[in-house]
Amino acid sequence: MHIVVLGTGIVGVCSAAWLQRDGHRITFVSPVPAGEACSFGNAGSLSPSACLPVGLPGMWKQVPGWLRDPDGPLRIHPDYFLRVLPWLLRFLRASSRPEVERIATGLRGLLAPIFDSYQPLLDHAQATHLVRRSGCLYVYASQASAARWQWGMNLRRRLGVDLRDVGEEELTTLEPDLRGRFRFGILAPENGSTTDPSALVKALHARCVADGAQEMADAAVGFEQTGDRVTAVRLLSGQRLSCDAVVVAAGAWSGPLARALGTPVPLETQRGYHVTVQSSNLALRHTVMAPEYNLMVNPMGMGLRLAGSVEFAGLKRQPDYRRADVLLAKGREMFPHLDASRTTRWMGHRPCLPDSLPVIGRAPRVANAWLAFGHGHVGMCGGATTGREVAHLVAGRTPQVDLQPFSPSRFR
């Protein structure tokens with residue numbers, strides 16, 4: 001079949017790569033080059049442990065304080081508040097304990113096979129050097145401080161995540177640069193990361209092109225249908241692209257496309273920021289997650305990446321790089337000796353649904369259209385498994401992952 005894949009982020013590229021393994025002909029459609037949108041600037045985590053949703057029990061109590069704090073981890077632009085309010089109410093309903101346990105179970109199924117799903121694609125693209133399995137350290141000021149997050153860690157353990165307590169002496173042996181600020185840690189040894197998320201996406205995309213995929217630098221604006229089947233994609237340029245099937249993996253821009261296929265979903269953009277410290281003098285060996293700072297720190301090929309901000313302001317508003325400056329200030333607080341003389345800043349659009357679960361499945365009213373978007377904070381983690389499962393669905397095979405939690409129909 002000729003399958004049009006809308007999007008060249010990690011989910012779209014992995015979907016195309018897995019579909020090519022089944023012999024399908026691929027055409028990518030994207031207004032931006034591969035690996036240049038959200039997949040460029042994410043924190044690079046490849047974490048089987050990242051199965052907790054964003055909304056956790058009791059979090060609502062912290063939201064007013066976060067919103068009053070200009071340096072807090074959450075910001076809602078005043079002009080955007082009424083627009084995002086229905087989404088936020090759904091988000092709060094998904095934050096009860098029973099819902100969090102259900103959501104985490106679904107996410108665990110998607111994330112547990114991260115490396116099994118990536119490996120065939122990495123091998124074929126000769127990109128194995130871009131992925132490492134060095135583990136992740138969750139770090140805390142003390143064991144008593146860590147108790148604030150104990151319920152979530154226990155839930156991870158119940159779902160089969162390998163987590164090991166690390167005392168102060170071992171923590172500073174594992175990461176000497178953490179000495180002085182952190183006295184307790186939890187090691188997730190199965191976790192990994194990519195040293196360059198953009199390069200990873202570009203390598204997989206280049207392999208798809210070398211294997212015959214075509215690409216169009218354009219944006220999809222709609223579809224032509226005959227009965228319950230898509231026959232062509234309509235493009236912003238006015239062209240029409242005939243196809244046998246379509247995969248919508250356009251990240252934060254997927255909402256109108258899903259709606260055009262008869263499947264409206266409450267997709268929102270959580271604008272995320274990062275700072276990459278190119279002059280970093282640290283020698284971290286693990287990805288470091290500091291819950292007390294709401295900060296993820298990942299050593300990458302281009303420097304030390306600091307990420308962890310959420311902003312609701314829509315797709316069109318210009319970046320507020322003060323949000324990135326806050327991340328750098330937190331990094332300096334965590335690492336007082338950090339050399340931050342050379343830095344870069346970035347903002348991108350995380351595609352998020354209120355229950356922290358992506359949409360993965362066939363558009364219910366269309367026989368040959370599949371949806372794969374809304375991965376939020378775990379796009380890089382879930383990209384390869386999502387692509388594998390999309391290929392199974394297109395082929396009519398039984399999925400290897402329980403996809404019921406990710407049903408496109410769940411918001412009806």
State plainly whether the residues E99 and R102 are in salt-bridge range, i.e. N to O under 4.0 Å.
->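 Answer for the salt bridge query: yes.
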Quick one: do E168 and R179 make a salt bridge, cutoff under 4.0 Å?
-> no
4.5 Å side-chain heavy-atom contact, [X] and [Y]:
{"X": "F115", "Y": "R133", "value": "yes"}
{"X": "W253", "Y": "T269", "value": "no"}
{"X": "R388", "Y": "P113", "value": "yes"}
{"X": "E311", "Y": "Q270", "value": "no"}
{"X": "V4", "Y": "V247", "value": "no"}
{"X": "I26", "Y": "Q214", "value": "no"}
{"X": "I3", "Y": "V246", "value": "no"}
{"X": "H375", "Y": "F406", "value": "no"}

Can you see which heavy atom on [X] is nearest to which on [Y], and at what distance?
{"X": "V32", "Y": "T8", "answer": "O-OG1, 3.4 Å"}
{"X": "S45", "Y": "N298", "answer": "N-ND2, 4.3 Å"}
{"X": "L295", "Y": "M334", "answer": "CD2-SD, 3.5 Å"}
{"X": "I114", "Y": "P48", "answer": "CD1-N, 3.6 Å"}
{"X": "H2", "Y": "L241", "answer": "CE1-CD1, 4.4 Å"}
{"X": "D228", "Y": "N368", "answer": "O-OD1, 4.1 Å"}

Given R410, R90, R93, the one that forms salt bridge (charged side-chain N to carboxylate O under 4.0 Å, His left out) with D355 | R410
Indicate whether any N or O donor in one side chain lies under 3.5 Å from an N or O acceptor in the other, for [X] and [Y].
{"X": "H124", "Y": "D211", "value": "yes"}
{"X": "T385", "Y": "Y118", "value": "no"}
{"X": "R285", "Y": "S134", "value": "no"}
{"X": "T27", "Y": "E215", "value": "no"}
{"X": "R132", "Y": "S193", "value": "yes"}

For the pair K330 and D325, evaluate salt bridge (Lys or Arg N to Asp or Glu O under 4.0 Å) and give the outcome as yes or no after the intermediate values.
-> CA-CA 9 Å; K330 290 181 177 180; D325 295 338; over 6 Å; no
Closer than 3.5 angstrom, by distance alone: can the side chain of [X] be matched with the main-chain N or O of [Y] as a donor-acceptor pair?
{"X": "S95", "Y": "F91", "result": "yes"}
{"X": "N42", "Y": "S39", "result": "yes"}
{"X": "R271", "Y": "R317", "result": "yes"}
{"X": "S47", "Y": "S49", "result": "no"}
{"X": "R259", "Y": "V265", "result": "no"}
{"X": "D402", "Y": "G109", "result": "no"}
{"X": "R108", "Y": "G160", "result": "yes"}
{"X": "E389", "Y": "Q400", "result": "yes"}

Partner residues of [X] under the ring pair (Phe, Tyr, Trp, His ring centres under 6.0 Å) criterion, sequence neighbours left out:
{"X": "H286", "value": "none"}
{"X": "F28", "value": "H205"}
{"X": "H24", "value": "none"}
{"X": "H377", "value": "none"}

For the atom pair [atom1] ([X]) and [atom2] ([Y]), what is the distance rounded to the nearest 0.5 Å?
{"X": "L338", "Y": "T343", "atom1": "CG", "atom2": "OG1", "answer": "10.0 Å"}
{"X": "M59", "Y": "W66", "atom1": "CE", "atom2": "CH2", "answer": "4.5 Å"}
{"X": "L171", "Y": "I186", "atom1": "CG", "atom2": "CD1", "answer": "11.0 Å"}
{"X": "L393", "Y": "T386", "atom1": "CG", "atom2": "OG1", "answer": "10.5 Å"}
{"X": "L328", "Y": "H274", "atom1": "CG", "atom2": "NE2", "answer": "11.5 Å"}
{"X": "L178", "Y": "L137", "atom1": "CG", "atom2": "CG", "answer": "7.0 Å"}

Are R234 and F223 in a cation-pi contact, defined as NZ or CZ under 6.0 Å from the six-membered ring centre and within 45° of the axis?
->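 So R234 doesn't make the cation-pi contact.
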Check each of V248, I360, L371, L261 against P408 using the side chain to side chain contact (heavy atoms under 4.5 Å, CB included) test, and report the only one that passes.
-> L371
With R83 as reference, evaluate Y80, F81, W87 under the side chain to side chain contact (heavy atoms under 4.5 Å, CB included) test and give the passing residue.
->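 Running side chain to side chain contact (heavy atoms under 4.5 Å, CB included) over Y80, F81, W87 with R83 returns exactly one hit, Y80.
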For salt bridge (Lys or Arg N to Asp or Glu O under 4.0 Å), just list the numbers for E36 and K202, CA-CA rounded to whole Å, side-chain angles, deciding distance to a tenth of an Å, and then say yes or no.
-> CA-CA 9 Å; E36 289 297 320; K202 290 179 185 295; 2.8 Å; yes
Aromatic contact, W18 with H392 (centres under 6.0 Å) |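 That pair fails the under 6.0 Å test.
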Less than 6.0 Å separating the ring centroids of W346 and Y321?
->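 Judged by ring-centre distance (under 6.0 Å), W346 and Y321 do not meet the cut-off.
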Go through the steps to decide whether V233 and C243 satisfy the test side-chain contact (heavy atoms from CB on, under 4.5 Å), and finish with yes or no.
-> CA-CA 7 Å; V233 179; C243 62; 4.2 Å; yes
V394 and L19: side-chain contact (heavy atoms from CB on, under 4.5 Å), yes or no, with the steps?
-> CA-CA 8 Å; V394 171; L19 287 165; 3.9 Å; yes
Checking R305, R345, R342 against T276 for side chain to side chain donor-acceptor pair (under 3.5 Å), the one that qualifies is R305
CD (Q126) with more than 12 external heavy atoms under 6.0 Å =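 It does not: Q126 CD has 12 such atoms or fewer within range.
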Please list all pairs passing the ring pair (Phe, Tyr, Trp, His ring centres under 6.0 Å) test where one or both residues lie in residues 140-160, with sequence neighbours left out.
->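 Ring pair (Phe, Tyr, Trp, His ring centres under 6.0 Å) check on residues 140-160 returns Y140-W149.
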Just do the side-chain contact (heavy atoms from CB on, under 4.5 Å) check on V310 and R350 with the steps written out, would you?
-> CA-CA 9 Å; V310 169; R350 301 186 192 99; 3.7 Å; yes
Determine which pairs satisfy salt bridge (Lys or Arg N to Asp or Glu O under 4.0 Å) with at least one residue from residues 144-166, sequence neighbours left out, and list them in order.
-> E101-R158, R157-D165, R164-E170
